[in-house]
Protein chains: 2
Amino acid sequence: MAATRRPRPHSHAPRALEEVAAIRSHGRRLTRQRALIWDALVRAGDRHLSAREVADAVHGPAPELHQATIYRALDVFVADGLVRRTDFGDGRAVYELAAEHRHHHVVCTSCGAVAHVHDDAVRPALGRVEAESGFRLADAELTFHGTCAACGAATG
Amino acid sequence: MAATRRPRPHSHAPRALEEVAAIRSHGRRLTRQRALIWDALVRAGDRHLSAREVADAVHGPAPELHQATIYRALDVFVADGLVRRTDFGDGRAVYELAAEHRHHHVVCTSCGAVAHVHDDAVRPALGRVEAESGFRLADAELTFHGTCAACGAATG
DNA sequence: ATTTATGCAAACGTTTTGCATGTGT
DNA sequence: ACACATGCAAAACGTTTGCATAAAT
């Protein structure tokens, strides 16, 4: 399959030292693949990416980078607290840098659109839920499901 | 909502006419399989069941009842508004009668335990989220993720 | 040198689908 | 009689895993 694949000598944008440090934070090894995956998340900013979208972003520079490697890298990042994983519960799960501001999501059950919600709109409720359930929700992220304005107008 | 709210006996009574009517509500056909699946949900009360648990419950009386049929029946019930489906976002999805009181769930990310949360603990937040996002969350159900008391104690 | 990470393929569990047969209405 | 529902097997889906190889420390 891969005829001539030569290992690119450390490619394009100079990676910031802090990012390297972050990946290495828990004694992990800095590999070309992890750097690429990390870069994809950095470039995405506060737009979360699915595992598939990470693959798309990364397959330009490294077409042979396997999806399994992406899952493993993302798992590591999540385990190290560098990346946040959100499962929308409709078959989609997405990843974004933990450094982004904490926020919550609203997903349109009709068209799948996703919007962000500020934490302060939600925090008081978290306290009440903690009190009632005895669970700790310290850094909980919520995913709301509803109907977006566009779909509401169309259907309603 | 039913006009006459009879105190639901915990036991499973002979199939009530209202239940038959419910299944038929949208011109659906009342089949043996659907009746069994429905009964499983009724017997479960406010304990939600996974698709697999419905299968287990139903395979006593009808061992040949195929899992695909269960998914199709549950889809129909959900489409007709008789059953509520909740996807916990950790690979588990569960079903319960829509007639049960509306409530929300807290899932322990460590052990998977699930607790219920009353709607009034949460409703004010829903309004704020609606305002901020422009989404409509009328009958939204939330799934919170956190650490249950037992796991919190164990881990520190 | 040692340990960890990768590529690959294969396995996984859940859900969906095409099609022939069977059943409620 | 007819449309609809079922059983079955097979496929789709996203994700995980075992293992030999490769690369980072």
Side-chain angles (χ1 to χ4, degrees), chain A residues 1-11 15 20-21 23-38 48-56 58-59 61-80 82-83 85-95 112, chain B residues 15 19-38 48-56 58-59 61-80 83 85-95 112:
Chain A
M1 191 190 282
T4 8
R5 180 106 308 280
R6 84 171 49 185
R8 283 212 180 188
H10 292 105
S11 53
R15 246 178 300 293
V20 172
I23 293 178
R24 287 209 169 114
S25 60
H26 292 245
R28 310 291 189 179
R29 290 180 182 179
L30 177 59
T31 65
R32 173 175 143 73
Q33 293 85 338
R34 286 180 181 170
L36 286 165
I37 292 163
W38 180 264
H48 40 245
L49 298 178
S50 68
R52 172 64 54 181
E53 288 169 328
V54 172
D56 293 344
V58 132
H59 275 161
E64 80 294 348
L65 205 169
H66 200 273
Q67 187 75 48
T69 301
I70 294 173
Y71 281 112
R72 284 189 276 224
L74 291 172
D75 282 352
V76 162
F77 293 161
V78 170
D80 291 355
L82 304 175
V83 164
R85 182 194 143 103
T86 305
D87 194 317
F88 287 153
D90 60 353
R92 291 182 297 163
V94 296
Y95 300 84
Chain B
R15 200 142 31 266
E19 298 181 357
V20 173
I23 293 178
R24 288 206 169 118
S25 60
H26 291 245
R28 309 290 189 179
R29 291 181 181 176
L30 177 60
T31 64
R32 173 176 144 72
Q33 292 86 339
R34 285 180 181 168
L36 285 165
I37 292 163
W38 180 264
H48 39 247
L49 299 179
S50 68
R52 171 65 53 181
E53 288 168 328
V54 172
D56 293 343
V58 131
H59 275 161
E64 80 294 346
L65 204 169
H66 200 274
Q67 187 76 46
T69 301
I70 294 173
Y71 281 111
R72 285 188 276 225
L74 290 172
D75 282 352
V76 161
F77 292 161
V78 170
D80 292 354
V83 164
R85 181 193 144 102
T86 304
D87 193 318
F88 287 152
D90 60 355
R92 291 182 297 164
V94 296
Y95 300 84

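Convention: sequence-line order gives letters A, B, ...; per-chain numbering from 1.
When rounded to the nearest whole Å, the span between NE2 of B:His26 and P of D:dA5 equals 13 Å. Rounded to an integer number of Å, the gap from B:Arg29 CZ to D:dC4 C1' is 4 Å. What separates CD of B:Glu53 from C1' of C:dG13 is a distance of 15 Å, to the nearest Å. In this structure, CZ of A:Arg28 is placed 11 Å from P of C:dT6, rounded to the nearest angstrom. Here C:dG24 presents its C1' atom at 13 Å from CD1 of B:Ile23, a figure rounded to the nearest Å. Protein atom CG of B:Leu30 is 15 Å distant from nucleotide atom P of C:dT23, rounded to whole Å. A straight line from CG of A:Asp75 to P of C:dT6 spans 12 Å, rounded to a whole angstrom. The CG-C1' distance, from A:Asp87 to D:dT16, rounds to 15 Å in whole Å.
Closest heavy-atom contact between B:Gly89 and A:Asp87: O-OD2, 2.6 Å. The minimum heavy-atom distance linking A:Arg85 with A:Ala93 is given by the pair NH2-CB, 3.6 Å.
Among residues two or more places apart in sequence or in another chain, the ring-ring contact (aromatic ring centres under 6.0 Å, His included) test is passed with B:Phe77 by B:Trp38. Among residues two or more places apart in sequence or in another chain, the salt bridge (charged side-chain N to carboxylate O under 4.0 Å, His left out) test is passed with A:Arg28 by A:Asp80. In terms of the salt bridge (charged side-chain N to carboxylate O under 4.0 Å, His left out) criterion, residue partners of B:Arg92 (sequence neighbours excluded) are, by chain and number, B:Asp90. Residues meeting the salt bridge (charged side-chain N to carboxylate O under 4.0 Å, His left out) test with A:Arg72, sequence neighbours left out: none.
Distances shown here put a side-chain N or O of B:Gln33 below 4.0 Å from the OP1 or OP2 atom of D:dG7. Taking only side-chain nitrogens and oxygens, B:Thr31 comes nearer than 4.0 Å to OP1 or OP2 of D:dT6. Contact annotation: A:Arg34 side-chain N/O to C:dA5 OP1/OP2 distance is under 4.0 Å. The side chain of A:Thr69 places an N or O atom within less than 4.0 Å of a non-bridging phosphate oxygen (OP1 or OP2) of C:dG7.
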Dump the pairs, protein N or O against N or O of nucleotides 17-19 of chain D, anything under 3.5 Å, distances to one decimal.
from: D:dG18; atom 1: O6; to: A:Arg72; atom 2: NH1; distance (Å): 3.3

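Both B:Arg32 and B:Arg85 sit near DNA chain C, but only B:Arg85 has its closest nucleotide nearer the 5' end.
Screening A:Leu65, A:Leu36, A:Ile70 for a side chain to side chain contact (heavy atoms under 4.5 Å, CB included) with A:Val54, the sole residue that qualifies is A:Ile70.
Backbone-only contact: B:Arg24 has heavy atoms under 4.0 Å from sugar-phosphate atoms and none from a base.
Counting only distance, with no hydrogens or angles, the side chain of A:Gln67 and the backbone of A:Ala51 share a donor-acceptor pair below 3.5 Å. Using a distance-only test at 3.5 Å, with no hydrogens or angles considered, a donor-acceptor pair links the side chain of A:Arg34 to the main chain of A:Arg29.
Comparing the end axes of the helix from C:dA1-D:dT25 to C:dT25-D:dA1, each fitted to five base pairs by superposing C1' atoms of four pairs onto the next four, gives an inter-axis angle of 30° (nearest 10 degrees).
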